[in-house]
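Data first, discussion second: the structure below is written as structure tokens.
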Amino acid sequence: RADLLVGDDTVRLFSVHLQTSGIAQLRRRFRKDYNRDAPVERILGELEHNSSIRAGQVGEIRVEIDASPYPVILAGDFNDTPMSYVYRTMAKGLNDAFSQCGSGYSHTFRGFFNTLRIDYVLCSDSFDPVSYEVPQVEYSDHLPVVVRLQKNLLNN
């Protein structure tokens, strides 16, 4: 986290990268060591284990968000979908920039047939998300999320 002085206001920015799903690493390991794909039960076990780690991480981050004396911007790779416990817990009391001003179906991860939105920008009511974009660039397996926020004069 970082506290930023923006004009006369202080904003608390959280940048997070939560535990990965672990599937890609597990598959690579099995292909290298056994020359075959990982068994379904191992994949499910890895998903469950890493989901549990993310839940713990979210609990720690949520305590920090709730204790913030300043408006919050939370951005990063949650490694989970908008239907997950992780997302719901992180987004509680915050606004999702995509929900506020995005359009259509947005994905931020190149895997799984470009179907997953797992990277987010969330903010306090002190801000209004006014634009949301996911540029289609080749830098990473994740796409950047570019959001423009405006100070909400009604909630300050």
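Starting from 1, each residue takes its place in the sequence as its number. Values in this document were obtained by computation on a predicted structure and should not be read as measured data.
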**Message:** Do Leu94 and Val145 land in one hydrophobic cluster if side-chain heavy atoms of ILVMFWY residues count as linked below 4.5 Å?
**Reply:** no
**Contact check, side chains of Gln19 and Ser52, non-hydrogen atoms, under 4.5 Å** = no
**Fill in**
Residues passing the side-chain contact (heavy atoms from CB on, under 4.5 Å) test with Asp96, sequence neighbours excluded, are Tyr87, Phe98, Ser99, Arg117, Tyr120, Leu122
**Prompt:** Is any side-chain heavy atom of Ser126 closer than 4.5 Å to a side-chain heavy atom of Asn152?
**Reply:** no
**Prompt:** Side chains of Asp119 and Leu143: closer than 4.5 Å at any heavy-atom pair?
**Reply:** no
**Item:** Heavy-atom side-chain contact between Gln100 and Val130 under 4.5 Å
**Value:** no
**Message:** With a 4.5 Å cut-off on side-chain heavy atoms, are Val72 and Cys123 touching?
**Reply:** no
**Message:** Could you check whether any side-chain N or O of Arg62 sits under 3.5 Å from a backbone N or O of Thr89, counting only pairs where one atom can act as donor and the other as acceptor?
**Reply:** yes
**Message:** In this structure, would Leu149 and Val6 fall into the same cluster of hydrophobic residues linked by side-chain contacts under 4.5 Å?
**Reply:** yes
**Complete:** Separation between OG (Ser106) and CG (Leu116), nearest 0.5 Å, reads 11.0 Å
**Partner set under side-chain hydrogen bond (donor to acceptor under 3.5 Å, both in side chains) for Arg1, not counting sequence neighbours** = Glu64
**Prompt:** About how many Å separate CD1 of Ile73 and OG of Ser15, when rounded to the nearest 0.5 Å?
**Reply:** 11.5 Å
**Tyr70 side chain reached by Val11 side chain, heavy atoms, under 4.5 Å** = no
**Asked** Under 3.5 Å, side chain of Ser68 to main-chain N/O of Ile65, donor-acceptor pair present?
**Response** no
**Message:** Between Val147 and Leu74, is there shared hydrophobic-cluster membership here, with clusters defined by ILVMFWY side-chain heavy atoms closer than 4.5 Å?
**Reply:** no
**Request:** Evaluate the side chain to side chain contact (heavy atoms under 4.5 Å, CB included) criterion for residues Met90 and Asp80: first the C-alpha distance (whole Å), next the side-chain angles of each, then the deciding distance (0.1 Å), finally the verdict.
**Result:** CA-CA 11 Å; Met90 290 286 246; Asp80 232 323; over 6 Å; no
**Request:** Quick one: closest heavy-atom pair of Asn79 and Leu18, and the distance?
**Result:** ND2-O, 2.8 Å
**Asked** CD1/Ile61 to CZ/Phe14 distance, rounded to the nearest 0.5 angstrom?
**Response** 8.5 Å
**Asked** Which residues pass the side-chain hydrogen bond (donor to acceptor under 3.5 Å, both in side chains) test with Arg148, sequence neighbours left out?
**Response** none
**Asked** What distance separates Asp128 CG from Lys151 NZ, expressed to the nearest 0.5 Å?
**Response** 12.0 Å
**Fill in**
Heavy-atom nearest pair, Tyr85 first then Ala55, reads CE2-CB, 3.9 Å
**Asked** At their closest point, which heavy atom of Phe127 faces which heavy atom of Pro71, and how far apart are they?
**Response** CE1-CB, 3.7 Å
